[in-house]
4 protein chains.
Amino acid sequence: MLTEQSVIIQGTKRSQQKAATRETILRSARSLYAERGIAATRSAAVAQAAGLAHGTLFLHFPRQEELLVAVIEDFGEGLCRRLHELSAGGRGLRACLEAHLAGLREVEGFYAALLTEAGHLPEAARLSLLMVQSTLSWHIAAAAEAGMEAGTIRRQPVHLLFNTWIGLVHHYLANRELFAPGALVLERRGGELVEHYLGLVSTGDRIEGG
Amino acid sequence: MLTEQSVIIQGTKRSQQKAATRETILRSARSLYAERGIAATRSAAVAQAAGLAHGTLFLHFPRQEELLVAVIEDFGEGLCRRLHELSAGGRGLRACLEAHLAGLREVEGFYAALLTEAGHLPEAARLSLLMVQSTLSWHIAAAAEAGMEAGTIRRQPVHLLFNTWIGLVHHYLANRELFAPGALVLERRGGELVEHYLGLVSTGDRIEGG
Amino acid sequence: MLTEQSVIIQGTKRSQQKAATRETILRSARSLYAERGIAATRSAAVAQAAGLAHGTLFLHFPRQEELLVAVIEDFGEGLCRRLHELSAGGRGLRACLEAHLAGLREVEGFYAALLTEAGHLPEAARLSLLMVQSTLSWHIAAAAEAGMEAGTIRRQPVHLLFNTWIGLVHHYLANRELFAPGALVLERRGGELVEHYLGLVSTGDRIEGG
Amino acid sequence: MLTEQSVIIQGTKRSQQKAATRETILRSARSLYAERGIAATRSAAVAQAAGLAHGTLFLHFPRQEELLVAVIEDFGEGLCRRLHELSAGGRGLRACLEAHLAGLREVEGFYAALLTEAGHLPEAARLSLLMVQSTLSWHIAAAAEAGMEAGTIRRQPVHLLFNTWIGLVHHYLANRELFAPGALVLERRGGELVEHYLGLVSTGDRIEGG
DNA sequence: TATGAATGAGGCTTCATTCAT
DNA sequence: AATGAATGAAGCCTCATTCAT
């Protein structure tokens, strides 16, 4: 006979189990997206990678697109939170850029896939990317404006400053096989990118510490 | 009865005809790739756009990939030649950048499609992009080094200088719906990009003319 | 610790509970069958309508067909009983027809679904329909023969008499959206059908009262 | 070398071939619909019955529904034409009824399936049935009114007269396994139905010849 | 060479049924 | 007895490629 408590516990176990399966699916999908590209990833492959029956996928994500959106949102939220955390301490532009690279480093593969395919993906995918970039943009803008006040950053339109950095990073991500064959490009080239970029946007005055 | 000569002539006619059909197919394919994306373009749509039977396509390009490669190579060669032509006159960095944008402007749609999808396309696609970038790189490097000699361009590693520019341009191309909705982004934003970039890489000295 | 008595009580409670659940399922299923058609009704929808977990259904009806058969038999028995009750009082043909329509009126939706889909349903479905029609047939035959004796009904083979009535009623049921859009067709058209049918089978002599 | 004429001939051959395949599909589908019911017929079964690859079906009928509609329209047109032809000669009600049965006899199986499932079929299916019934209705109404003028048919609303006949015939079709096991019910019972129905609607005066 | 009908492997999705809790 | 997550067979449809004409 089930006591109320046991019902609750059992209910909890069930939801936990379901949530765990959902996580497994998300992880498998993200990994396959990173590996083979988003559009080229078959739902059957995701199921197999997750160790589930094909049909089980559709219990959790009735349409393939919903899975993609869930992966992206999951990823976007995580990345934004990470960016906030990482940027929280540092006040300088350098700290921001390094936080950005640190945040991306952990999800390099998937982020690169997203970047590359966003154009042909559902609205939600693009919105999620935009959200990430807005978050980043906010931190960079603040740091850059402070730098301009302080005289360490050359005065210039902030959006161009931002797009130059984003473009540079994305270019390296999109061509990561070229810039760091068989390795993580941000690991290998990140320092170089930060230095170069700071060199470009700084005044000669080396006052800044971040 | 066919004389030897008529065979030759007919053969020639045939080759001409075949070459013409091939061109038609390439043009149609490129246009569709630009419009809908490469992966999303169906062979049947290409045939229809070219005014040919579906099967005829496979007479000229037995595998879909061969068509794609042909389009890309054709495009790459054309663009490189154009970049050479456009860069020939101007010696300064500004001239190089403007030549780059001018060259891209004519093929913006397809180039953007190539950029965004290259990661999941056959080797040839990436090679072709590389070839284009090498060509450009050669011109930019020359101009940049001259500028550094002359003291108008700040001293810095040329490959980073180059990748910064490429990254900036590609970022705008990849997000052209965002930066110039319903319009050609290089037309609308090109000038701004050149000015900003030159501002970044220049010394304060405004000696240069290009 | 369970005493023997408590086991019995609990066992009884359980059976009661089980029977109650079974009733709930039957009611929900019948309602959905009537609403959307039998073949188009999903087992999951029945469970949801009954406020039960999907799996619980299969505890009571291991195969979907068993549920269907149970619904049909339940329905058939109920309808036959009702027809008997309704016919009990009236002795004339008119009373029979009106009792028939009255009996059907209460279950119009499901009866129409059964009619339209019986051909592709298990044997039991057809048998159940037959049973209903036999019941009706018995009453009508009795009334008709009495009418023929009395000279109010034209002499003719009883089975044809009966099938003409059944065919007429079923035709209106099968096309109830056409004959009474958004309403109950027997409510709207029943009177007309009875009058017309009686007109057809009667002699001119208007002696009868029912 | 293809002359213009040969092209035309070849073109003709091709269209003939395509039309022939289409016919094969329609025939196979109609036969399976009649045999197993419309909703229960799988596209793969139709393809197999037609001796074609599964995919070929979708070349001719991109959606399953389009195949169904084509079968129904094909059938409806044929039946209406047949009704017109058959009714053309005879002027009496008897001739009309017999023409109706004759027309149906050839397509009994499919017509019965259509009747039974029309309620859950796409709009087009119901429209097609309506069209057939309208055609029939027109002929019957004309004959019935003439009969009423002539005093051979009892005066009564024509739509009820018509629906009584339709209901009777449909009832026999829907239960053809019951009324004529393993045989064509209209063949076996048609005469009886006509006589009975005429008996019901006629005045006693046996003047009429049709 | 050109045509376009035919092919069939492969993808997504549904849903009755099972099973661990 | 009840739950609901998981299963997997089966259905529909797409599209690159082949082939007879």
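Each chain gets a letter, A, B and so on, in the order the sequences are listed, and its residues count up from 1. Keep in mind the model is a prediction, meaning the values are calculated, not measured. Any value given below was found using the heavy atoms of this structure, including those in side chains, with hydrogens, waters and symmetry copies removed.
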Interatomic distance, D:D74 atom CG to D:R22 atom CZ [nearest 0.5 angstrom]: 8.0 Å
Rounded distance (nearest 0.5 Å) linking atom NE2 of B:H54 with atom CD of B:Q48: 10.5 Å
Residue closer to the 5' end of DNA chain E, D:G51 versus B:H60 (nearest nucleotide): B:H60
Spatial distance of atom CG (B:L68) from atom CZ (B:R63) [nearest 0.5 Å]: 14.5 Å
B:A53 or C:S43, whichever maps to the more 5' nucleotide of DNA chain E: B:A53
Which nucleotide in E:dA2, E:dT17, F:dT17 has an atom nearest any side-chain atom of B:Q17: E:dA2
E:dA6 phosphate, OP1 or OP2, under 4.0 Å from D:H54 side-chain N/O: no
Sugar-phosphate only, base, or nothing, as touched by C:T56 at under 4.0 Å among non-hydrogen atoms: base
Base-pairing mate for F:dT14 - Watson-Crick or G-U, with both contacts under 3.5 Å: E:dA9
From B:F110 atom CZ to B:I72 atom CD1, the distance as rounded to the nearest 0.5 Å: 5.0 Å
Watson-Crick or G-U wobble mate for E:dA16, both contacts under 3.5 Å: F:dT7
Residue met sooner reading DNA chain F from 5', once D:P62 and A:G55 are mapped to nucleotides: A:G55
Sugar-phosphate only, base, or nothing, as touched by B:L52 at under 4.0 Å among non-hydrogen atoms: sugar-phosphate
Residue-phosphate contact under 4.0 Å: D:R63 side-chain N/O, F:dC12 OP1/OP2: no
Earlier contact from the 5' end, DNA chain F, for B:R42 and D:Q64: D:Q64
